[in-house]
Each structure stands twice: as structure tokens, then as C-alpha cells.
Amino acid sequence: MARDGYVVPVDPQAVTSVKKKTQPARSWILVDATGQGTIIDADKHAIMNRVQIHARDLRILDPLLSYPSTILGREGAIVLNLEHIKAIITSEEVLLRDPMDENVIPVVEELQRRLPPANVFRQGHGNGKDYTGGQLDVEAGEEDESPFEFRALEIALEAICSFLAARTTELETGAYPALDELTSKISSRNLDRVRKLKSAMTRLTARVQKVRDELEQLLDDDDDMADLYLSRKLAAVSSPASGSGGANWFPASPTIGSKISRASRVSLATVHGDENDVEELEMLLEAYFMQIDSTLNKLATLREYIDDTEDYINIQLDNHRNQLIQLELYLSSGTVCLTIYSLVAGVFGMNIPYTWNENHGYMFKWVVIVTGAFCASLFVVLMTYARYKGLVGS
């Protein structure tokens with residue numbers, strides 16, 4: 001039996017280990033300039049210290065939080081949040097989150113294939129390593145002229161544009177036959193199928209629209225595009241300190257980004273570049289903006305087709321409704337005529353002595369005949385009036 005008031009001593013190391021467990025490490029893959037990929041498990045503080053970004057920027061890449069598509073240029077890194085592609089690009093390496101995700105694996109493979117410069121492939125041929133022909137050399141030679149961060153950004157934009165285009169093609173493949181089937185046969189099954197497709201199209205349109213808006217906003221602001229030139233900013237910052245030697249992409253002080261104002265960065269860019277210093281990045285973004293805009297136009301065309309189908313279905317339903325109204329009008333008119341006819345027959349069928357009925361048995365027959373003719377004429381007049389007013393079809 002335990003003693004009352006007995007206090008168990010607390011191990012400080014155990015408390016520290018528990019606190020560390022409450023902040024689980026996230027899986028990242030680091031792809032350097034040679035295309036080598038390394039999977040690392042690091043928490044947010046380690047990532048912040050490595051790439052020198054703020055916590056609010058890293059929070060954008062948190063999959064548990066819902067942030068729109070974003071491309072942010074910071075002093076030493078580009079924060080990229082495009083759907084499932086959540087990456088941090090520096091002038092020498094790329095950090096990509098959740099490398100085991102099925103949608104991220106093709107992006108990692110493309111980074112490892114296209115990021116190495118041309119001389120790496122030439123060394124690979126010299127060492128006897130087998131690469132897929134000279135096409136990679138040509139592509140790498142052409143891409144080697146662009147900075148590392150632009151090549152990585154282009155791969156990410158190409159991946160997300162291709163991903164959204166593929167989702168749009170899949171949606172079109174299932175939507176058009178379903179809409180055609182609905183026009184031929186209106187049923188609860190077909191209506192529910194089209195409803196689900198329309199919901200999927202609305203969600204996909206919103207995703208594509210976010211990416212398009214981010215690219216458009218980036219293209220409209222030259223200062224934001226200038227912030228993405230990491231290599232140029234690195235050269236501008238490091239050139240006063242050392243005139244030669246290899247450049248290190250992250251600054252010596254973690255707070256150097258807050259010390260350099262936008263005006264100084266613009267002035268340094270003007271010194272090291274020409275007036276059209278964002279032309280290269282602008283052409284890159286415009287190419288993928290046109291691609292994502294084409295995907296959005298496909299979704300808009302699909303939406304118009306769905307709206308046209310809905311209008312056609314509504315016309316069909318209105319036609320059926322008019323047919324029911326016509327039948328109801330026929331029945332109502334016939335009921336009125338029969339009511340008059342029955343009224344006359346009922347009057348003559350009463351057991352009331354009539355002086356004028358004596359020796360005049362033929363009167364009942366004539367009254368019945370005249371009343372029937374009157375009811376038939378009344379029915380024809382009512383139908384003619386209804387057609388004149390457009391209440392029933394001809």
C-alpha cells in the first residue's frame with residue numbers, strides 16, 4: 001500500500017525528451033546542385049536556421065494549415081507552396097517536404113535529373129557511367145545558363161501545371177459522357193453523377209485559380225520578381241566583402257535579411273544588371289501562366305457545357321410540365337361540360353309534376369340533345385381560347 005504524501009522525483013532529461021517528442025520532426029529531402037538527394041528528419045527550428053527564414057514563412061508549408069498557393073522571395077530563399085509541392089529553394093539546394101508522397105516522388109526524380117549542370121554529365125561519361133544519350137547534355141547545357149533557383153522553380157511550376165492539367169483531362173473524360181447520357185435520359189442516377197462531377201469541377205477550378213492568381217500577382221510586381229534572384233542578391237551582398245572565392249549562399253548573420261532594405265537591393269540590382277533585370281524570370285513565369293490559364297479555360301468550357309446541359313434539362317422539364325398543365329386543362333373543361341349536362345339531366349329526372357311535360361315526352365330528348373351540343377361547343381371554345389393564350393400546345 002502506497003504511503004500518503006509520497007512525492008516521486010522528476011527527471012529533467014525525461015521532461016526534455018517529452019517536450020522534444022511533442023514537436024515531431026518532419027521528413028524533408030535535400031537536393032543539391034549535383035542532383036544528389038538526401039532525406040533528412042528535421043524540426044522547424046533546424047530548417048529555419050538552415051535556410052534563414054522566419055517561422056511565419058515556414059508555417060506556409062505546414063500541410064495541417066490551409067494556405068493558398070504562394071511563391072515568396074526572401075533574402076536567401078524562395079518559399080514555394082503550390083498544392084502538394086511545398087519546397088524551399090536556395091541558390092544551391094532545394095528542400096522538399098514529404099518526399100515519400102506519391103505526388104512528390106516524380107518531382108524529386110525530375111529535380112535529380114535536371115538540376116545537375118552540363119559538366120556533371122560530361123564527367124559521368126568520362127567515368128564510364130551510363131546516361132540516356134546526348135539529349136540530357138543538350139538540355140543541361142541549355143539550362144546551365146539559368147541560375148540554380150530558376151531551374152528548380154521551373155521544375156516545380158512544370159510539375160504543378162502538368163498535375164492540374166492531368167486532373168482536368170480526367171475530369172473532362174468522365175464529365176462529357178455523363179452529361180450526354182443525362183440529356184438522353186433524365187434519371188436520379190444520372191443527376192447524382194453529374195452533381196458529383198460538378199462539385200469536383202468547382203473544387204478543381206478553385207485550385208487552378210489560386211495558382212493562376214499567384215503567378216499573375218507575381219508578374220504584375222517587378223519587385224517581387226527581383227526578390228527571386230537569389231544568386232544576384234548573393235553576389236551583390238558578398239562582393240563588397242570578398243572579391244574572389246566561392247560564394248556562400250546564406251549570409252554570415254541570420255538577421256542580415258532584415259538589415260538590407262528594399263531600396264539598397266534595388267540599387268545593387270541596378271548596378272549589377274541592366275534595366276530589364278527581371279526579363280528572364282518574367283518569360284519563365286509567363287510560359288507557365290499561359291499553361292495554367294489554358295487549363296482554367298478548359299474548366300470554364302466544361303462549366304459552360306454543364307450550364308448548357310442544365311438549361312436543356314430545364315427546357316425538357318418545362319415541356320413535361322406544360323403537357324401536364326394541358327392535360328389538367330382538358331380534364332377541367334370536360335368536367336365543366338359534364339357538370340352542365342348532368343345538371344339538365346338531373347332537373348328532368350326529378351319526381352316533380354310539370355304541366356308542360358304532359359303529352360310532351362319528346363321535350364326531354366330535345367333538351368338532352370341541345371344541352372349536349374352546347375357542352376361540346378363550350379369545350380371547343382375553351383380549348384380555342386387556351387391555345388390563343390398559349391396555355392396549351394397546338
Side-chain angles (χ1 to χ4, degrees), residues 26 28-33 40 42-63 65 67-83 85-97 111 115 146-157 160 210-211 213-241 247-270 272-273 277-278 280-282 284-285:
R26 298 293 182 179
W28 297 75
I29 185 169
L30 187 148
V31 182
D32 57 14
I40 58 176
D43 57 6
K44 62 180 182 180
H45 298 289
I47 298 297
M48 290 165 54
N49 292 331
R50 183 182 185 90
V51 298
Q52 300 299 321
I53 61 175
H54 296 287
R56 65 175 180 270
D57 299 329
L58 188 60
R59 198 176 296 115
I60 296 175
L61 306 181
D62 194 343
L65 302 177
Y67 279 93
S69 298
T70 307
I71 302 176
L72 296 178
R74 293 298 180 251
E75 196 61 37
I78 298 175
V79 181
L80 193 67
N81 179 27
L82 297 175
E83 294 289 326
I85 302 177
K86 303 179 183 298
I88 302 175
I89 303 173
T90 67
S91 60
E92 293 182 351
E93 62 186 14
V94 179
L95 282 168
L96 197 62
R97 193 162 197 166
L111 287 171
L115 282 182
S146 301
F148 173 84
E149 61 269 18
F150 288 177
R151 286 184 280 140
L153 180 62
E154 181 180 4
I155 294 172
L157 291 175
I160 194 60
K210 289 179 182 178
V211 178
D213 291 343
E214 179 61 25
L215 292 178
E216 184 178 13
Q217 182 179 0
L218 196 60
L219 285 169
D220 291 339
D221 196 335
D222 291 344
D223 293 336
D224 290 342
M225 285 191 290
D227 289 337
L228 302 183
Y229 280 79
L230 303 180
S231 300
R232 187 169 62 190
K233 290 190 296 184
L234 176 63
V237 172
S238 59
S239 57
N248 188 9
W249 63 265
F250 59 88
S253 174
T255 60
I256 191 171
S258 60
K259 295 180 180 179
I260 300 179
S261 62
R262 181 179 296 272
S264 62
R265 294 201 306 270
V266 173
S267 62
L268 288 172
T270 305
H272 292 276
D277 54 351
V278 296
E280 180 182 0
L281 179 59
E282 187 176 4
L284 173 65
L285 295 177

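Here, residue 1 is the first one in the sequence, and each next residue gets the next number.
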Worksheet item: Is there a side-chain contact between Val94 and Ile155 (heavy atoms, below 4.5 Å)?
Response: no
Item to complete: In sequence, state the C-alpha distance, the side-chain angles, and the governing distance for Glu280 and Ser146, and then conclude on side chain to side chain donor-acceptor pair (under 3.5 Å).
Response: CA-CA 9 Å; Glu280 180 182 0; Ser146 301; 3.2 Å; yes
Response to the item:
side-chain contact (heavy atoms from CB on, under 4.5 Å) test vs Ile88 passes for just one of Leu96, Leu30, Ile47, Ile78, namely Ile47
Item to complete: Verify side-chain contact (heavy atoms from CB on, under 4.5 Å) between Lys233 and Glu75, making sure each step is shown before the conclusion.
Response: CA-CA 8 Å; Lys233 290 190 296 184; Glu75 196 61 37; 4.3 Å; yes
Worksheet, complete the sentence: On a heavy-atom basis, the closest approach of Leu82 and Ser69 is CD2-CB, 3.8 Å
Discussion item. Let me confirm one number: the CG-CG distance from Asp223 to Leu228, rounded to the nearest 0.5 Å.
Written reply: 11.0 Å
Item to complete: Could you grab the distance from atom CD1 of Ile71 to atom CE of Met225, nearest 0.5 Å is fine?
Response: 11.5 Å
Discussion item. Can you give me the closest heavy-atom contact between Glu93 and Arg50, atom names plus distance?
Written reply: OE2-NE, 3.1 Å
Item to complete: State, yes or no, whether a side-chain contact exists between Val211 and Leu157 at a heavy-atom distance under 4.5 Å.
Response: no
Discussion item. Using modelled atom types and a 3.5 Å cut-off, is there a donor and acceptor pairing between side-chain atoms of Asp57 and backbone atoms of Ile53?
Written reply: no
Fill in: Where Leu234 and Ser91 come nearest, the two heavy atoms and their spacing
CD2-OG, 3.9 Å
Worksheet, complete the sentence: In short, Val278 meets Tyr229 closest at the heavy-atom pair CA-OH, 3.2 Å
Worksheet item: If you measure from CG on Asp221 to CD on Glu216, what distance do you get to the nearest 0.5 Å?
Response: 12.5 Å
Item to complete: Find out whether Leu230 and Phe148 are in side-chain contact, i.e. whether some heavy atom of one side chain is under 4.5 Å from a heavy atom of the other.
Response: no
Discussion item. I'd like to know if the side chain of Asn81 and the backbone of Pro68 have a donor-acceptor N/O pair within less than 3.5 Å.
Written reply: yes
Item to complete: Measure the NZ-CD distance between Lys210 and Glu214 for me, rounded to the nearest 0.5 Å.
Response: 12.0 Å
Practice prompt. List the steps and the verdict of side-chain contact (heavy atoms from CB on, under 4.5 Å) for Leu285 and Leu281.
Written response: CA-CA 6 Å; Leu285 295 177; Leu281 179 59; 4.0 Å; yes
Discussion item. I'd like to know whether Glu149 forms a side chain to side chain donor-acceptor pair (under 3.5 Å) with Thr90, so could you lay out the CA-CA distance, the side-chain angles of the two residues, the decisive distance to 0.1 Å, and finally the verdict.
Written reply: CA-CA 6 Å; Glu149 61 269 18; Thr90 67; over 6 Å; no
Worksheet item: Is there a side-chain contact between Glu282 and Leu219 (heavy atoms, below 4.5 Å)?
Response: yes
Worksheet item: Would you say the side chain of Asp62 lies within less than 4.5 Å of the side chain of Tyr67, judging by non-hydrogen atoms?
Response: no
Practice prompt. Flag the pair Asp227 and Arg74 as a salt bridge only when some basic side-chain nitrogen lies within less than 4.0 angstrom of an acidic carboxylate oxygen.
Written response: no
Worksheet item: Taking all non-hydrogen atoms of both residues, which atom of Arg56 and which atom of Ile60 are closest, and how far apart?
Response: O-CG1, 3.4 Å
Discussion item. One pair to check against side-chain contact (heavy atoms from CB on, under 4.5 Å): Thr70 and Val79. What are the steps and the verdict?
Written reply: CA-CA 8 Å; Thr70 307; Val79 181; over 6 Å; no
Worksheet item: Can you find a pair of side-chain heavy atoms, one from Leu95 and one from Val51, that are under 4.5 Å apart?
Response: yes
Discussion item. Contact between Lys86 and Leu80 at the side-chain level, heavy atoms closer than 4.5 Å - yes or no?
Written reply: no
Practice prompt. Output the distance between atom NZ (Lys44) and atom CZ (Arg59), rounded to the nearest 0.5 Å.
Written response: 6.5 Å
Worksheet item: Nearest 0.5 Å, what's the CG-CZ distance between Leu111 and Arg151?
Response: 10.5 Å
